[in-house]
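Report on the following structure.
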Amino acid sequence: MLVKAGTAKEARVEGRSPVIEARNLAVRYVTATGVVTPVRDLTLTVHEREVVGLVGDAGSGKSTAALALMGVVRPPGQIASGSVMFGGRDLLGLDEDALRAIRGNEIGIIVQNPRSSLNPMLRIGRQIANVYGAHNQATSREGWDKAVDMLRMVGINDPERRVGAYAHELSGGMAQRALIAMALSSSPRLLIADEPTSGLDVTIQAQFLDEMWQTVQATGSAILLISQDLGVIANYCDRVVVLHDGAIVEDRPVGEFFADPQHPYSRSILALQKAASEADAVAKRSDGEREKLIEIRDLAKNFPIRGSKKVVQAVENLSMTIGRGETVGLVGESGSGKTTVGRCLLRLEEPTAGQIEYGGTDISAIARSGMKRFRSKLQIVFQDPYDSLNPRWSVGQVLREPLNLHTSLSTAEKTARIGELLELVGLSPDIVSAKPRDLGASTLQRVNIARAIATDPEFIVLDEPTSVLAPAAIDGLVTLLRALQAELGLSYLFISHDLTTVKYLCDRVAVMYLGQVVETGTVDQVFNAPLHPYSRSLLDSHLFPDPTDRRVDRPDREQLEGEIPSPVDLPKGCYLAGRCPHALERCRAEPQMLHDMGDQRTARCWRVAEGDLEEAGR
Amino acid sequence: MLLRYVIGRLLVGVTQLLVLTIAVFFLIRLLPADPVSRFVGLNSSDEAYAQAERNLGLDRPIGTQLAHYLGLAPDEGSGLLQGDLGTSWVTGSPVVSEIGQTLPLTLELITLSFLFAFLIAVPVGMLAALRPGGKADKAVFVYSLFAGSQPEFWWGILFVYVFFFVLGVAPPPLGILSPLTTAPPATTGFILVDSLIAGNVSAFFEALHHFMLPVGTLVFILSGPIVKMVRQNMVRALQSDFVLYARCAGLPRRVIAFYALRAAMAPAMTLIGILYGFMLGGAVLVESVFALGGIGQYAIRSILAFDYPAIQGVVLVITAISLLIYLLLDIAHAFIDPRVAY
């Protein structure tokens, strides 16, 4: 059991009693430049056996609020006013020692950025034991044993060995779980989970949230789940609380919230979800007639490992075509090779093998210097808008650079073109002199797009361009990408793990697993009737923001077991065989080919090709 | 793992030393100096000059001289390979034994200084970091500015004036033992160790007493940068996510302080390593003020006398010690911070 058993009998009699009640909580930072109030007015209640979702934009004060509920503020901030009732006491009136006894014991917290929240110098077992020992009578040895138990409970393979690992030896997902193990070690009555699954892949995310939800139901504890992911909110929360500009603007049951949001901000973050469900109705352009723009044949990319003869196989024999004006989605969990494909297409990475034909020329074979004339036609937008812009350059300088490199316009013409580009991406031309640090993530991502289209490209690789954006900003960006495509006739390769966005934006989709494409087809085909076991599991784990079809209300679907194998020592047969519920001896023995399934679909599974798995499909 | 790393580092160190030896060998000979006339005088006869040149071995081709120095020509006498650093041209005694007489004192001086500087600087830096902008922090800022901005010999002289001349609590700055005390037999060369081996407790305390001011001077100078380093890293560690999380997890204050201190220690250790190597030769001003006769003074004397074998010997020994210290610190660093890989 994850969480301390509440007094279940009492709860059943009286209905749900509140676990924590915050009233008018405000957090203030006094700095040299003035007073900042990231949280102005936080009022919320979490009851027993309840999962409350706290949503809001980046910078809306969610994380600050989460900490303030435990009486913690990042220095030099302070709690300005309000009260937090927990267990009959106002936490904000308690002294440090009394608070310390509650933190980590009765209230557990999972924060974002798990890896930096773990002490880099201590083994995770020692850290968990320290936290456990701070709240329980336990010897050092008992604490260590408890750490092993906790790690096993959060689903870490081989906990006896991993308990001795340091934070830097863990993957993001494992660090996240170690943090969860720490937060739950004393079985808290309330768990505050701030983006608890941000570092996890969708299949693991679903597993973990399922478990948390079940525990809450079983023990009468409670969770405050902070997330920007509306899919997570819709599938697991009972109630939704919206934080906007530091204040709660909406607090309603999840069904009502999604069906009929009241506050303008709530409406704006739900817009994409609405658009995506309507996108089914929008006829996608038919596929067969499209003129071929890019054809990839047997693309492979290996990365040598330093000091070893082994290689990391990032991409293996990938073939794909992208038509003019088409958007192809590339989906898969982290480490599946999606980003490497995008980079190889632009020769930002040199492919190990294979051809990339663009407009009749094999651009994987021409000399690097010869690439220049193709560079203006092939562009890329990266995941992190902050990292991909030079912080010392103004927006104008950023946009002028491609014009200097690829055009022979006069200075005045370039200035005019910069204004035109900014208008195209929906920004005011006034921001030309702004520096990246003055602008928000969504504005910067639009600047990145403006830079990509500056040279009239035909094809743009969009490498997770929405992953750091808030829901409302994602909506705006996706709408923009569609509008640009219609206006300029662009083709996109859209790399993403966010299936909701892919569903809305893409015409066709390719599912990748461990460097291989395991399934291709139109979005409708793959999303409505996935063939390959991996695609099925991926789609099943994906949390679509629809509270009328909640995952927690569904019986368990087919699940993959275990973790992704290392791309260094790949299995001999099907790469999924070790995790697939349908695997047979033949799967483990034979490498899998991509079978043509007709209707322009392919799948890399002999059982699918022979029709064995139709029963198991939807 | 560790053993392989240490052996690897030692091999690299030996290679570095060899290259350095050869480089120094040629570089000294590039100096516009004439050591021969320094010995025989400017007005000596050509025969006397040639004789002196032959005695010093400078008449032979430079390749032969190098082979001889390195000990590659054992028939003509021992060299570096045999552990012989040659004979000082000034005193005629072996460079090895001269360094053996001067080096231990410097090592004692700076090791003691670093030990105390460390013991003082770490808690002070912690204190300053716990309340950035507080009184302790401001005092530390003023102190490190003040101590670091003035040369160490000046502080040395000032300390002599205050503690010996005015207060009379320190001995006169005339070496490590008073001229009337008989030194214990030199077993290791380290006066503090030798006096204990010989059971001569009074000599031990006398040496300690004499170390008081020079060590105090160095501690005063060295603490500044170390305090700053510890403070800076500690402040950063206290603002880090893992300390914030430790607070959220309800860990006791002393555990949190320990988390932060450990994060702050590693960079401070690196700084100490660099300063130690630097002070091996750089303590000469303090050695001179207190007439201690350490390796720094020996180096200066050798350079002024164009005593080639002595100069080469000093460079070689100081470098070797620095490399060893760096290695030890890297190992210590790896123990503190598991992210450091061998």
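The sequence lines fix the lettering, A, B, ..., with proteins before strands; numbering per chain opens at 1.
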What residue in B:L244, B:D241, B:V243, B:I336 has the most heavy-atom pairs under 4.5 Å with chain A? B:D241
Crowded around B:Y326 OH? As in, over 12 foreign heavy atoms under 6.0 Å?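 Counting neighbours around OH of B:Y326, more than 12 heavy atoms of other residues, nucleotides or ligands fall under 6.0 Å, so yes.
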Taking atom CZ of B:F116 as the centre, does the number of heavy atoms from other residues, nucleotides or ligands within less than 6.0 Å exceed 12?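 At most 12 heavy atoms, drawn from other residues, nucleotides or ligands, come within 6.0 Å of this atom.
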Using heavy-atom distances under 4.5 Å, tell me whether B:L238 contacts chain A through its side chain, its backbone, both, or neither. neither
How long is the gap from CG on A:N113 to CZ on B:F242, to the nearest 0.5 Å?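 With rounding to 0.5 Å, CG (A:N113) is 12.5 Å from CZ (B:F242).
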Rounded to the nearest 0.5 Å, the CG atom of A:D194 sits from the SG atom of B:C248 at a distance of 10.0 Å
Chain B shares the most heavy-atom pairs under 4.5 Å, among A:G104, A:A167, A:S117, with A:S117
If you count heavy-atom pairs within less than 4.5 Å of chain B, which of A:E96, A:R103, A:H135 leads? A:R103
Can you list the residues of residues 256-275 of chain B that sit under 4.5 Å from chain A, counting heavy atoms only? B:Y259, B:R262, B:A263
Tell me, for [X] versus chain B, whether the close heavy atoms (under 4.5 Å) come from the side chain, the backbone, both or neither.
X: A:A101; value: neither
X: A:R74; value: both
X: A:L179; value: both
X: A:Q127; value: both

Looking at every non-hydrogen atom in both residues, tell me the closest pair between B:L251 and A:R100 and how far apart they are. O-CD, 3.2 Å
Taking every heavy atom of B:G250 against every heavy atom of A:A134, the minimum-distance pair comes out as O-CB, 3.8 Å
Test log, rule salt bridge (Lys or Arg N to Asp or Glu O under 4.0 Å), inputs A:D97 and B:R253: CA-CA 9 Å; A:D97 284 326; B:R253 205 183 291 259; 6.0 Å; no
Are there residues of residues 28-36 of chain A whose heavy atoms fall under 4.5 Å of chain B's heavy atoms? If so, which? none
Is it the case that the side chain of B:Y245 and the backbone of A:I109 share a donor-acceptor pair, with hydrogens and angles ignored and the cut-off at 3.5 Å? yes
